[in-house]
Amino acid sequence: MEGASTVVSGFLAKLWALVDDSSTDDVIGWSRNGQSFSILDEQKFAKELLPKYFKHNNLSSFVRQLNMYGFHKVVAVDSGVAAPEKTMTIEFQHSFFKQGEPNLLENIKRKVQSPCFHGHILW
Amino acid sequence: MEGASTVVSGFLAKLWALVDDSSTDDVIGWSRNGQSFSILDEQKFAKELLPKYFKHNNLSSFVRQLNMYGFHKVVAVDSGVAAPEKTMTIEFQHSFFKQGEPNLLENIKRKVQSPCFHGHILW
Amino acid sequence: MEGASTVVSGFLAKLWALVDDSSTDDVIGWSRNGQSFSILDEQKFAKELLPKYFKHNNLSSFVRQLNMYGFHKVVAVDSGVAAPEKTMTIEFQHSFFKQGEPNLLENIKRKVQSPCFHGHILW
DNA sequence: TACGTTCTAGAATATTCGATG
DNA sequence: TCATCGAATATTCTAGAACGT
């Protein structure tokens, strides 16, 4: 029995598996002492890794899901003009997504699509 | 402990890193006992340092941001003598930008884009 | 006499140059008899071509601009079969963006930031 | 209903250029 | 002259909306 299991929704379970799999640490893995995760090779991640877990190979769809679940991008201080040879990494964080603590995952909730009204009248 | 972190906007975090980095003190650094900062080598600053942090290499764009965040230029008292060969240094100051006190940074707010009306009614 | 010149905004001029440059037709170029344009190699386009024209290398920023200028994605009719090795191309279209007619570009207007009020009163 | 994927838009900051006092 | 500001576009991060399962 490993970390994220049955109770967690599909996306979160796959995200955890993706990040926690040490065999793909050159593409995506934990960072900042396990407090966030980083995509190190954006292109390889989108085209090779994503389709193994999801029905697409678009980074934008992956990011849309991250935002739906309350993750936030971590901005790098030294991100100026794209240094030609510098590997631009993408980093995301969620207060309940931490290395070694899959039990926290159940606190992460997907945002609900805002209905027209929450009160008496509902279209 | 790393100075400017999450809550602060991109510009302020980068500005702090730029000024506080002692390895570039010949170009930009703290001045007046840490109450302001000075650009000592304008050319090197604009063309070499700026693009490492921002998506441009123009001093004017950097100054525009400083003004947006409420910084003010410190006018050189400048002995009346016109020293033609004097190294022109540029100095800026903000009451919440002080050496050793990165915690003050969160008090610095970016000016909002001019509101809808400039006349009588103003929201 | 060259295609997109002074009157057109920066993005449109660069977009035209990007699409109309036949030396990069393996990455981006005209399609559908010049009625739209296609990105054939997404990764090469983002990381190699974009930074030569813009201050970034993100496809998402490029797409945001396209939408700001009223371009629409052309959805692939795409035979239902999921061809694993098929080169996914990205296609966009605008009624005033046509091969051989740079004079139409001046009709393309950037969307303005949403005004203060959307209801009854609108200035 | 809830979730997933896609296309487009909102909102805040960033960059540029020119105006203002 | 010069420090600051207004305004337009550009870039980034997140969200809305439509559709499908």
Side-chain angles (χ1 to χ4, degrees), chain A residues 8-15 50-51 53-76 79-82 90-93 109-116, chain B residues 8-15 50-51 53-76 90-92 109-115 118, chain C residues 8-15 50-51 53-76 90-92 109-115 118:
Chain A
V8 187
S9 85
F11 176 75
L12 286 178
K14 293 176 180 178
L15 175 62
L50 276 183
Y53 289 80
F54 304 99
K55 296 176 186 299
H56 65 84
N57 61 357
N58 305 309
L59 189 66
S60 62
S61 295
F62 179 71
V63 172
R64 185 71 191 87
Q65 285 284 67
L66 287 173
N67 286 323
M68 286 291 289
Y69 281 90
F71 283 75
H72 288 278
K73 186 161 187 173
V74 179
V75 192
S79 58
V81 277
I90 303 170
E91 185 178 351
F92 276 90
Q93 169 273 335
K109 299 302 179 187
R110 190 178 203 267
K111 296 176 183 175
V112 291
Q113 59 204 53
S114 51
C116 302
Chain B
V8 188
S9 85
F11 176 75
L12 285 178
K14 293 176 179 181
L15 175 62
L50 276 183
Y53 290 82
F54 304 98
K55 293 180 180 298
H56 66 80
N57 59 359
N58 307 308
L59 187 65
S60 62
S61 294
F62 179 71
V63 172
R64 184 72 191 88
Q65 284 284 68
L66 287 173
N67 286 323
M68 286 294 288
Y69 281 90
F71 284 75
H72 287 279
K73 188 165 187 173
V74 179
V75 198
I90 304 170
E91 186 178 351
F92 276 90
K109 298 303 178 187
R110 191 178 204 269
K111 295 176 184 175
V112 291
Q113 59 204 51
S114 48
H118 297 275
Chain C
V8 188
S9 85
F11 176 75
L12 285 179
K14 292 175 179 178
L15 175 63
L50 276 183
Y53 289 80
F54 305 98
K55 294 178 180 298
H56 65 83
N57 60 357
N58 305 309
L59 189 64
S60 62
S61 295
F62 179 71
V63 172
R64 185 69 191 91
Q65 283 284 66
L66 287 173
N67 286 324
M68 284 294 287
Y69 281 91
F71 283 75
H72 287 278
K73 188 162 187 174
V74 179
V75 193
I90 303 169
E91 186 178 351
F92 276 90
K109 298 302 178 187
R110 191 177 206 269
K111 295 175 184 176
V112 291
Q113 57 203 54
S114 50
H118 293 276

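- Under the 30°/60° scheme for interplanar angles, the aromatic rings of C/Tyr69 and C/Phe11 are found to lie parallel.
- In terms of position on DNA chain E, the residue among C/Tyr53 and B/Phe71 whose nearest nucleotide sits closer to the 5' end is B/Phe71.
- As rounded to whole Å, 18 Å separates atom P of E/dT12 from atom CG of A/Leu66.
- Considering only side-chain N and O atoms, A/Ser61 lies under 4.0 angstrom from the phosphate OP1 or OP2 of D/dT6.
- Nucleic acid contact for C/Tyr69: sugar-phosphate only, since backbone atoms but no base atoms lie under 4.0 Å from a heavy atom of the residue.
- In this structure, CG in A/Leu15 is found 5.0 Å from CZ in A/Phe71, a value given to the nearest 0.5 Å.
- Across the protein-nucleic acid pair, C/Ile90 atom CD1 and D/dT8 atom P stand 12 Å apart, rounded to whole Å.
- The distance from atom NZ of B/Lys73 to atom CD of B/Glu91, rounded to the nearest 0.5 Å, is 10.0 Å.
- Put simply, C/Lys73 has a side-chain N or O that comes within less than 4.0 Å of OP1 or OP2 on D/dC7.
- Take the nearest nucleotide of DNA chain D for B/Ser60 and for A/Asn57: the residue whose nucleotide is more 5' is A/Asn57.
- One finds no side-chain N or O of C/Arg64 lying less than 4.0 angstrom from the OP1 or OP2 phosphate oxygen of D/dG10.
- Along DNA chain E, the nucleotide nearest B/Lys111 and the nucleotide nearest C/Phe62 are compared for position; the residue whose nucleotide lies closer to the 5' end is B/Lys111.
- Residue contacts for A/Phe92: at a heavy-atom cut-off of 4.0 Å it reaches the sugar-phosphate backbone alone, with no base atom in range.
- Using a 4.0 Å cut-off, some side-chain N or O of A/Asn58 falls inside it from OP1 or OP2 of D/dT6.
- Listed pair B/Asn67 / E/dA3 fails the phosphate criterion, with no side-chain N or O lying under 4.0 Å from OP1 or OP2.
- Applying the 4.0 Å criterion to OP1 and OP2 of E/dT14, one finds that A/His72 has a side-chain N or O inside that range.
- Interatomic distance, NZ of C/Lys14 versus OH of C/Tyr53, reported as 10.0 Å (0.5 Å rounding).
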